[in-house]
Amino acid sequence: MYNGIGLTTPRGSGTNGYVVRNLSHLRVRDPMSERAAEFDRGAPTFREPDQGILEHERKRKIEVACLQLQLELEDQEIPQDEIDKQVDALREKLLANLASVKLPSGKNLKSSDTHGIALAKKSELSNMARALGTSSNYVEGAAFDREKQEELKKQRLQERAARDAERE
């Protein structure tokens, strides 16, 4: 026995007498009130991707392509003024089609490219919404709002009455 904890003697207990903590015991991390508050928080908010950062990434890809061309032409020992002319022509051509420059998407994204990930997630969510047939102005939990449902019902009845009056 140590500090009043454990067995006074291990005889007949089937143990060696050492006190070991229970590793299978699960401790409750959050109090019940905090766990109940989790349900009231609602759906997670979606953060829009910053278009300025995405455009900067597209321009960066264009500059990388121009630099690769410049390095290839320098390896072929072409005069510098000709290299500059070809690189500028490529840059103008690519900048004219800036929107068509493909950014990496899906699994090709780095974890640090948060705005690219947000853009991919936005397109994924819109595809899912289209597949499920949800409207763009859908509000979660609106089906349980009785006042809203009564208002929508009155609106549908008015629209139906207007269509019937138009037919007659």
Side-chain angles (χ1 to χ4, degrees), residues 5-6 19-72 84 86-168:
I5 300 171
V19 178
V20 180
R21 70 184 175 113
N22 184 357
L23 297 176
S24 64
H25 176 69
L26 298 176
R27 288 180 285 179
V28 178
R29 293 183 182 155
D30 300 328
M32 190 62 152
S33 60
E34 287 182 22
R35 283 185 275 159
E38 288 284 326
F39 294 109
D40 297 334
R41 286 192 188 147
T45 57
F46 177 70
R47 191 168 174 190
E48 291 289 324
D50 187 357
Q51 295 301 323
I53 293 176
L54 293 173
E55 182 179 349
H56 177 78
E57 187 67 25
R58 286 186 190 99
K59 288 180 181 177
R60 191 183 143 287
K61 284 199 165 297
I62 289 173
E63 288 301 318
V64 167
C66 291
L67 185 62
Q68 286 175 345
L69 176 66
Q70 181 179 353
L71 291 175
E72 287 176 17
D84 292 339
Q86 287 185 17
V87 168
D88 288 340
L90 177 66
R91 184 177 290 118
E92 291 298 321
K93 178 183 146 199
L94 293 176
L95 284 175
N97 299 328
L98 183 63
S100 68
V101 174
K102 293 284 186 183
L103 291 173
S105 62
K107 295 181 180 176
N108 299 334
L109 289 168
K110 296 179 183 174
S111 62
S112 61
D113 187 11
T114 56
H115 294 275
I117 292 170
L119 182 65
K121 186 67 173 177
K122 183 178 179 181
S123 67
E124 177 187 342
L125 289 175
S126 66
N127 288 343
M128 187 64 156
R130 235 178 309 130
L132 295 175
T134 58
S135 63
S136 60
N137 57 358
Y138 172 76
V139 177
E140 185 175 337
F144 300 110
D145 186 4
R146 292 189 185 272
E147 295 172 3
K148 180 75 171 172
Q149 293 303 317
E150 288 293 324
E151 182 182 314
L152 290 173
K153 186 176 181 180
K154 287 178 184 177
Q155 185 179 9
R156 286 192 303 265
L157 288 173
Q158 288 174 352
E159 289 173 1
R160 184 181 296 161
R163 280 185 299 203
D164 290 344
E166 196 176 289
R167 289 182 190 161
E168 295 174 355

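All residue numbers refer to positions in the sequence shown, counting from 1.
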Counting heavy atoms not belonging to E48, are there more than 12 under 6.0 Å from its CD? yes

OG1/T134 to CG/L125 distance, rounded to the nearest 0.5 angstrom? 10.0 Å

Quick check on E159: does its CD atom have over 12 non-hydrogen neighbours (other residues, nucleotides or ligands) under 6.0 Å away? yes

Would one find more than 12 heavy atoms of other residues, nucleotides or ligands at under 6.0 Å from atom CG of L23? yes

Check step by step if side chain to side chain contact (heavy atoms under 4.5 Å, CB included) holds for R91 and E63. CA-CA 7 Å; R91 184 177 290 118; E63 288 301 318; 2.8 Å; yes

Closest heavy-atom contact between H115 and I53? NE2-CD1, 3.2 Å

Side chain proximity check, K121 to E124, heavy atoms < 4.5 angstrom: yes

For the CG atom of D50 and the OG1 atom of T114, what is their distance to the nearest 0.5 Å? 9.0 Å

So, taking the atom named CG in D113 and the one named CD in E57, what distance separates them when rounded to the nearest 0.5 Å? 5.5 Å

Between A120 and L109, what is the shortest heavy-atom contact and its length? CB-CD1, 4.1 Å

Output, in order, the C-alpha distance, side-chain angles, deciding distance and verdict of salt bridge (Lys or Arg N to Asp or Glu O under 4.0 Å) for R58 and E55. CA-CA 5 Å; R58 286 186 190 99; E55 182 179 349; over 6 Å; no

Are any non-hydrogen side-chain atoms of L152 and Q149 less than 4.5 angstrom apart? yes

Minimal non-hydrogen separation, C66 against L90, with atom names: CA-CD2, 4.1 Å

Taking atom CG of L54 and atom NZ of K59, what is their separation to the nearest 0.5 Å? 12.5 Å

Value for CD (E72) from CG (L67), rounded to nearest 0.5 Å, stands at 10.5 Å

Compare every heavy atom of L69 with every heavy atom of Q86, then report the nearest pair and how far apart it is. O-CD2, 3.9 Å

Test side chain to side chain contact (heavy atoms under 4.5 Å, CB included) on L98 and L94 and set out the steps. CA-CA 6 Å; L98 183 63; L94 293 176; over 6 Å; no

